[in-house]
Number of protein chains: 2
Amino acid sequence: MVTEALTEDAAAGLARGFKALGDPVRLRLLSLIAARAGGEVCVCELTDAFTLTGPTISHHLKVLREAGLIDCQRRGTWVYYWIVPARLAALSQLLDVSAAAASTGSTR
Amino acid sequence: MVTEALTEDAAAGLARGFKALGDPVRLRLLSLIAARAGGEVCVCELTDAFTLTGPTISHHLKVLREAGLIDCQRRGTWVYYWIVPARLAALSQLLDVSAAAASTGSTR
DNA sequence: CTTCTGCCTAGACAGTTATCTAAACAACAG
DNA sequence: CTGTTGTTTAGATAACTGTCTAGGCAGAAG
């Protein structure tokens, strides 16, 4: 079991990811992208799923992208977004390991 | 594989958890608590690990507690905090499932 | 070239947050 | 009771965030 306390730098990097996930709209955006077979979703589809304006959705997508959680590419008129699995997995693992350590009540 | 898009309510509840994790200080606090054999940590130990004032640490602990990530109890002079594993596991699972769905490029 | 649609940037505004100091509360020791 | 120590609450302030409107850029179609 490897659950050392986080260094300040490690915590800063991981916190940036969690912070981006800390908004219901962004969490739903991520979920919509992840749940799409094919792995890619056009912005127009995402915008339609909310009662928010285009710029607001665009802003949230930018936050998710800058946190390394998603990436995008323009193809012709449309812009497509997809998940960055490794980043999600890294965040998931931290919580999983912490939960496990707490459950067994021990670590190193 | 179960990766439906999140409902608005589900997203709100989960986002509250991630939001609490979205601060480097809180992430380190959680990590310090989780990494402690015995599962419980006194506030005084946590305060010593940072260059922040007591009230600031107390504030962050409150945020984590209100997000359901930790819980606490006073025993005599000292207050002890511990992890709520189920809550961490729930957050971890969402990311894990989303990452997996994105990796296979499919869901349901 | 002009126009239309999709997406993003810029700027503004209201609400939230991280931090501090000062003060209060809780438990224990004289 | 009084004083001491550990922890939390209250209030203030500077910084950040989510949302909007207005406007700009990119590509496609006439």
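A note on names: the letters A, B, ... follow the listed sequences, proteins ahead of strands, and every chain is numbered from 1. Just so you know, these numbers come straight off a predicted model, no measurement behind them.
Side-chain proximity of B/Val79 to C/dT19, D/dT7, C/dC8: nearest is D/dT7. Considering only side-chain atoms of B/Pro55, the nucleotide from D/dT17, D/dT8, C/dT9 that sits closest is D/dT8. Checking D/dT21, D/dG27, D/dG18 against the side-chain heavy atoms of A/Thr77 singles out D/dG27 as nearest. Residue A/Thr56 places its side chain closer to D/dC20 than to any other of C/dC20, D/dT7, D/dC20. Across D/dT8, D/dT7, D/dT21, the shortest atom-to-atom separation from the side chain of B/Tyr81 is found for D/dT8. Comparing C/dA18, C/dT9, C/dG6 by their closest approach to the side chain of A/Ser58 singles out C/dT9. Taking every side-chain heavy atom of A/Arg26 into account, D/dG18 is the closest of D/dT7, C/dT19, D/dG18.
Among the atoms of the strands shown, only primed sugar atoms or phosphate atoms (P, OP1, OP2) are found under 4.0 Å from some heavy atom of B/Gly76. Note on B/Arg65: nothing from the nucleic acid sits closer than 4.0 angstrom, heavy atoms only.
Rounded to an integer number of Å, the gap from NE2 of B/His60 to C1' of C/dT16 is 14 Å. Protein atom OH of A/Tyr80 is 13 Å distant from nucleotide atom P of C/dC8, rounded to whole Å. Rounded to whole Å, the distance from CZ on B/Arg28 to C1' on C/dA18 is 16 Å. Taking atom CG of A/Asp23 as the reference point, atom P of C/dT16 lies 13 Å away to the nearest angstrom. The interatomic distance linking A/Glu66 (CD) with C/dT9 (P) rounds to 9 Å, in whole Å. Remark: P of C/dA18 and CG of B/Leu29 are 12 Å apart, rounded to the nearest angstrom. In this structure, the CZ atom of A/Phe50 is 14 Å from the C1' atom of D/dT19, given to the nearest Å. The separation between A/Arg75 atom CZ and C/dC7 atom P is 12 Å, rounded to whole Å.
Note that A/Arg75 lies in the cation-pi zone of A/Tyr80, set by a 6.0 Å cut-off to the ring centre and a 45° limit from the axis. Both tests hold for A/Arg28 against A/Phe50: distance to the six-membered ring centre under 6.0 Å, angle to the ring axis within 45°.
Atom CH2 of B/Trp82 has more than 12 heavy atoms from other residues, nucleotides or ligands within 6.0 Å.
Only one option out of A/Val84, A/Val63, A/Leu91 pairs with A/Leu69 in a side-chain contact (heavy atoms from CB on, under 4.5 Å); it is A/Leu91.
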Derivation of the side-chain contact (heavy atoms from CB on, under 4.5 Å) call for A/Thr53 and A/Thr47: CA-CA 7 Å; A/Thr53 63; A/Thr47 304; over 6 Å; no
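Using a 4.0 Å cut-off, some side-chain N or O of B/Thr53 falls inside it from OP1 or OP2 of C/dC20. OP1 or OP2 of D/dT17 sits under 4.0 Å from a side-chain N or O of A/Lys19.
Comparing A/Arg74 and A/His59 by the nucleotide of DNA chain C that holds the closest heavy atom to each, the one mapping nearer the 5' end is A/Arg74.
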